[in-house]
Asker: 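The following block contains the structure, expressed as structure tokens.
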Amino acid sequence: MKIGFVSAILDGWTFEEVIDTAHAQGFQCVELACWPKGAGERRYAGVTHIDVDALDSSRLIDIKDRCNDQGVAISALGFYPNPLQADLDARQGAIDHLHKLIDASAALDVNLVTTFIGRDQRLSVEDNLDLVKKVWPSILAHAESAGVRVGIENCPMLFGPDQWPGGQNLFTSPSLWRRIFDLLNSDALGINFDPSHFVWQTMDYIAPIYDFKDRLFHVHIKDIHLDRRRLDQVGLLAYPLDFMTPKLPGLGDVDWGGFISALNDVAYDGPVCIEVEDRAYESSRQRILDSLALSKRYIDQFII
């Protein structure tokens, strides 16, 4: 396994600063946020460390050289929009940018894009599966032709009033993963697995590693503290942030020893990227750097 981090926490930093930070802290890879310029509609979105709209041959060489010089790989190009949203113009904008990321990932020899399936939050699961069948085949055909894989994160995107009632990402459970894989029937489609989203849904986050070992393309390392006392008051139908809090690895409820042991069991040797969303570590640039160092120090005990 190759330990890295998700660059979205370094909003406002340049690509060069991100890679230099990874090198200085001993990370092997980085998942680079690649949103369209000025497209930040929520926290941790709209971060652009590679502007694929300005990715000419000279910039490609600069990026590859910087990574090679610092010994830091790009694990994936990350962009997490809602490609199934009801707003057709915004939907098409997300799809168009995913196509650009696929081309950029191939040109950079990364060959992996990380994203969401999306969801029209006002429609049923069945209606959204129909949308998946309508929207995603062309994206995956493009990915297949470019030799690029697409890893879908399992975050429900169901945190506040603007994302209710259904959330903005359908790829939330093993049952739905199977239905989507069956619908799309593409070897280019896989999972960017974040166990923290199964913790707050009170789901088993170990069994899917064994059940979907051939579909594991990328892994996020983020922890969650589930406040059981608060959950007893508001229930699972409340806004999730009413009863859970994102944490650095080791400060929440994920059994990282058991999780990484299972990854070892299935011979997963891909990226494991720390995703910092712990607000206790976001007050300053130094505090963010500390969060990456602390997270890596904790995870290093399981990965050599």
Side-chain angles (χ1 to χ4, degrees), residues 6-11 31-55 74-106 110 112-123 127-143 146 148-172 176-177 180 184 186 188-194 197 217-218 220 222 273 275 277:
V6 180
S7 76
I9 193 62
L10 303 184
D11 189 8
E31 178 190 341
L32 287 173
C34 295
W35 289 73
K37 286 283 191 176
E41 74 276 9
R42 66 174 189 271
R43 193 173 181 83
Y44 309 113
V47 182
T48 309
H49 287 127
I50 293 181
D51 181 1
V52 298
D53 290 317
L55 197 58
I74 300 172
S75 68
L77 302 187
F79 170 51
Y80 296 88
N82 184 354
L84 304 183
Q85 61 189 287
D87 183 327
L88 295 183
D89 289 338
R91 179 194 296 180
Q92 191 60 51
I95 294 168
D96 291 345
H97 195 70
L98 280 172
H99 280 274
K100 293 176 184 178
L101 252 66
I102 289 166
D103 291 338
S105 188
V110 173
L112 181 61
V113 167
T114 44
T115 190
F116 292 145
I117 279 286
R119 178 171 181 164
D120 184 333
Q121 66 201 62
R122 302 290 171 179
L123 298 183
D127 287 342
N128 272 282
L129 287 169
D130 288 340
L131 280 179
V132 168
K133 195 172 182 180
K134 174 183 176 182
V135 168
W136 271 91
S138 62
I139 300 172
L140 291 173
H142 187 181
V148 172
R149 299 184 302 167
V150 179
I152 306 296
E153 190 185 346
N154 56 297
C155 176
M157 290 308 295
L158 181 66
F159 297 117
D162 58 324
Q163 296 166 336
W164 279 61
Q168 296 177 354
N169 185 34
L170 189 66
F171 200 78
T172 57
L176 283 168
W177 296 353
I180 290 168
L184 297 176
S186 172
L189 185 67
I191 303 166
N192 178 20
F193 189 33
D194 183 334
H197 299 302
F217 290 176
H218 199 272
H220 277 176
K222 182 171 84 257
C273 288
E275 184 179 25
E277 293 186 355

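Excluded from the calculations below are hydrogen atoms, water molecules and symmetry mates; all remaining heavy atoms, backbone and side chain alike, are included. When a residue number appears, it is its place in the shown sequence, counting from 1.
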Asker: For H97 and C34, which heavy atoms make the closest approach, and how far apart are they?
Answerer: NE2-O, 2.7 Å
Asker: Out of curiosity, I9 CD1 to E277 CD, how far, rounded to the nearest 0.5 Å?
Answerer: 7.5 Å
Asker: Drop me the distance from F116's CZ to T172's OG1, to the nearest 0.5 angstrom.
Answerer: 11.5 Å
Asker: If we ignore angles and hydrogens, is there a donor and acceptor under 3.5 Å between the side chains of H142 and D103?
Answerer: yes
Asker: Does a side-chain heavy-atom distance below 4.5 Å link L112 with H218?
Answerer: yes
Asker: Tell me the closest heavy-atom pair linking I102 and A143, and the distance in Å.
Answerer: CG2-CA, 3.8 Å
Asker: Using side chain to side chain donor-acceptor pair (under 3.5 Å) as the criterion, point out the one residue from Q85, Q121, R119 that pairs with Q168.
Answerer: Q121
Asker: With the side chain counted from C-beta on, respond yes when D120 and D127 share a heavy-atom pair under 4.5 Å apart, and no when they do not.
Answerer: no
Asker: With a 4.5 Å heavy-atom cut-off, do N82 and M157 have their side chains touching?
Answerer: no
Asker: Is a donor on one side and an acceptor on the other found under 3.5 Å between the side chain of N192 and the backbone of I152?
Answerer: no
Asker: Check whether any side-chain heavy atom of F171 sits under 4.5 Å from a side-chain heavy atom of L176, and report yes or no.
Answerer: no
Asker: Measuring from atom CG of L84 to atom CD1 of I95, what distance do you get when rounded to the nearest 0.5 angstrom?
Answerer: 7.5 Å
Asker: To the nearest 0.5 angstrom, please state how far the CG atom of D194 sits from the SG atom of C273.
Answerer: 11.5 Å
Asker: What distance do F193 atom CZ and N154 atom CG have between them, rounded to the nearest 0.5 Å?
Answerer: 5.5 Å
Asker: Return the set of residues passing side chain to side chain donor-acceptor pair (under 3.5 Å) with T114 (not counting sequence neighbours), or none when no residue passes.
Answerer: E31, Y80
Asker: Which donor-acceptor pairs under 3.5 Å do the side chains of residues 130-137 make with protein atoms, sequence neighbours left out?
Answerer:
residue: W136; atom: NE1; partner: I117; partner atom: O; Å: 3.0

Asker: Rounded at 0.5 Å granularity, tell me how far OG1 in T48 sits from CH2 in W35.
Answerer: 9.5 Å
